[in-house]
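Written out below as structure tokens is the structure these notes cover.
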Amino acid sequence: MGIVDTALMLCRYVASPRRTGAVCPSSRFLARKMTASIGREAKDCGAVVELGAGTGAITSELVKAGYATESNLYCVEFDSSLCALLEQKFPSAKILNGSAENIRKLVGEDSKNIATIVSGLPLVSLPKECVNNIVAEVENTLPKGGRFIQFTYNLTRSPESLGFKSMRHIGASFVVLNIPPARIDIFEKI
């Protein structure tokens, strides 16, 4: 991601810090680790949904890893102007403008094929009711064995604080080469 994407994220953050959650795009190191956390090759993965795609830092790594082949990558972004940017950058991905509270509605018929949800949403700063709705939607969307991968800048927050009922925390990793440093939590549907 370049200077333009960083400036765009900074402007979005200044305008709405709670909704944006970051002053600059995720680093390629964070994006690569998020993609590697999927744990399956693209051909074996089913549909992947990215929540909070922003300027496309994680999307770029998902595309490079092959997850956008045969249009099985769905990027959910609330900001319509960022959706337009994502559509230009990633024509092979399906860009969906809307709230992560409505994954199945946004993805439509293909939602039954979703195996992994990768999230760059600022869950720590979103309103609690919104987070509860997103958590419930993730649990209702993923099949048994499906993965939810979330990063956070709050390195002391317990993964269990998200309030999942049918997901178990299966791992975490840290990425210090990011501004700010981040922790990636991996959950699996039980």
Side-chain angles (χ1 to χ4, degrees), residues 1-42 45 48-69 73-79 81-83 85-86 88-90 92-93 95 100 115-126 131 134-135 138 146-162 164 167-188:
M1 298 290 114
I3 293 173
V4 173
D5 287 342
T6 301
L8 182 59
M9 283 292 293
L10 182 58
C11 289
R12 292 288 189 268
Y13 181 80
V14 170
S16 182
R18 286 181 58 101
R19 193 170 79 192
T20 304
V23 294
C24 61
S26 301
S27 73
R28 69 180 181 274
F29 305 103
L30 176 62
R32 286 178 188 154
K33 193 153 262 201
M34 293 279 288
T35 301
S37 297
I38 292 173
R40 298 177 200 94
E41 291 189 26
C45 189
V48 174
V49 174
E50 179 186 6
L51 304 177
T55 60
I58 296 170
T59 314
S60 179
E61 291 301 321
L62 290 168
V63 169
K64 285 179 192 172
Y67 293 101
T69 59
L73 175 61
Y74 296 85
C75 300
V76 176
E77 175 54 52
F78 192 77
D79 185 317
S81 60
L82 289 177
C83 283
L85 174 70
L86 291 165
Q88 290 175 357
K89 287 182 171 183
F90 308 105
S92 61
I95 310 303
T116 304
I117 299 174
V118 177
S119 174
L121 295 174
L123 296 180
V124 172
S125 64
L126 292 175
V131 173
I134 292 168
V135 164
V138 165
R147 285 194 174 178
F148 177 67
I149 302 157
Q150 171 71 47
F151 79 84
T152 182
Y153 301 129
N154 184 339
L155 304 181
T156 61
R157 184 202 83 206
S158 165
E160 289 75 24
S161 68
L162 289 177
F164 282 121
M167 305 283 291
R168 66 185 172 113
H169 188 253
I170 62 169
S173 59
F174 295 89
V175 180
V176 294
L177 295 174
N178 194 68
I179 300 173
R183 183 183 75 220
I184 299 169
D185 290 304
I186 307 165
F187 299 86
E188 185 175 75

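Keep in mind the model is a prediction, meaning the values are calculated, not measured. Values below: every heavy atom of this structure, side chains too, minus hydrogens, waters and symmetry copies.
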What is the minimum heavy-atom distance between [X] and [Y], and which atoms define it?
{"X": "E50", "Y": "A53", "value": "OE2-CA, 3.5 Å"}
{"X": "P180", "Y": "N178", "value": "O-ND2, 2.8 Å"}
{"X": "V175", "Y": "S27", "value": "CG1-OG, 4.5 Å"}
{"X": "I134", "Y": "L123", "value": "CD1-CD2, 4.2 Å"}
{"X": "L86", "Y": "E77", "value": "CD1-CB, 4.1 Å"}
{"X": "L155", "Y": "R183", "value": "O-NH1, 2.8 Å"}

To the nearest 0.5 Å, tell me how far [X] [atom1] sits from [Y] [atom2].
{"X": "M167", "Y": "E160", "atom1": "CE", "atom2": "CD", "result": "12.5 Å"}
{"X": "S173", "Y": "I184", "atom1": "OG", "atom2": "CD1", "result": "4.0 Å"}
{"X": "R40", "Y": "T116", "atom1": "CZ", "atom2": "OG1", "result": "4.5 Å"}
{"X": "D185", "Y": "R157", "atom1": "CG", "atom2": "CZ", "result": "5.5 Å"}
{"X": "L51", "Y": "I149", "atom1": "CG", "atom2": "CD1", "result": "11.0 Å"}
{"X": "I186", "Y": "R168", "atom1": "CD1", "atom2": "CZ", "result": "11.5 Å"}

> Can I38 and Y67 be said to form a side chain to side chain contact (heavy atoms under 4.5 Å, CB included), step by step?
Replying inline: CA-CA 10 Å; I38 292 173; Y67 293 101; 3.7 Å; yes

> Taking E61 as the fixed residue, which of V118, L30, T35 is the one that meets the side-chain contact (heavy atoms from CB on, under 4.5 Å) rule?
Replying inline: T35

> In this structure, which one of T59, L62, V63, L82 forms a side-chain contact (heavy atoms from CB on, under 4.5 Å) with C75?
Replying inline: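 Among the candidates, only T59 passes.
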
>> Between V138 and F187, does the side chain to side chain contact (heavy atoms under 4.5 Å, CB included) criterion hold? Intermediate values first, please.
In response: CA-CA 11 Å; V138 165; F187 299 86; over 6 Å; no

> Going through the distances and angles, do Y153 and V124 end up as a side chain to side chain contact (heavy atoms under 4.5 Å, CB included)?
Replying inline: CA-CA 9 Å; Y153 301 129; V124 172; over 6 Å; no

> Taking only residues two or more places apart in sequence, or in another chain, which ones meet F148 in a ring-ring contact (aromatic ring centres under 6.0 Å, His included)?
Replying inline: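 Partners of F148 by the ring-ring contact (aromatic ring centres under 6.0 Å, His included) criterion, ordered by chain and then number, come out as F164.
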
>> Could you check whether any side-chain N or O of K89 sits under 3.5 Å from a backbone N or O of S60, counting only pairs where one atom can act as donor and the other as acceptor?
In response: no

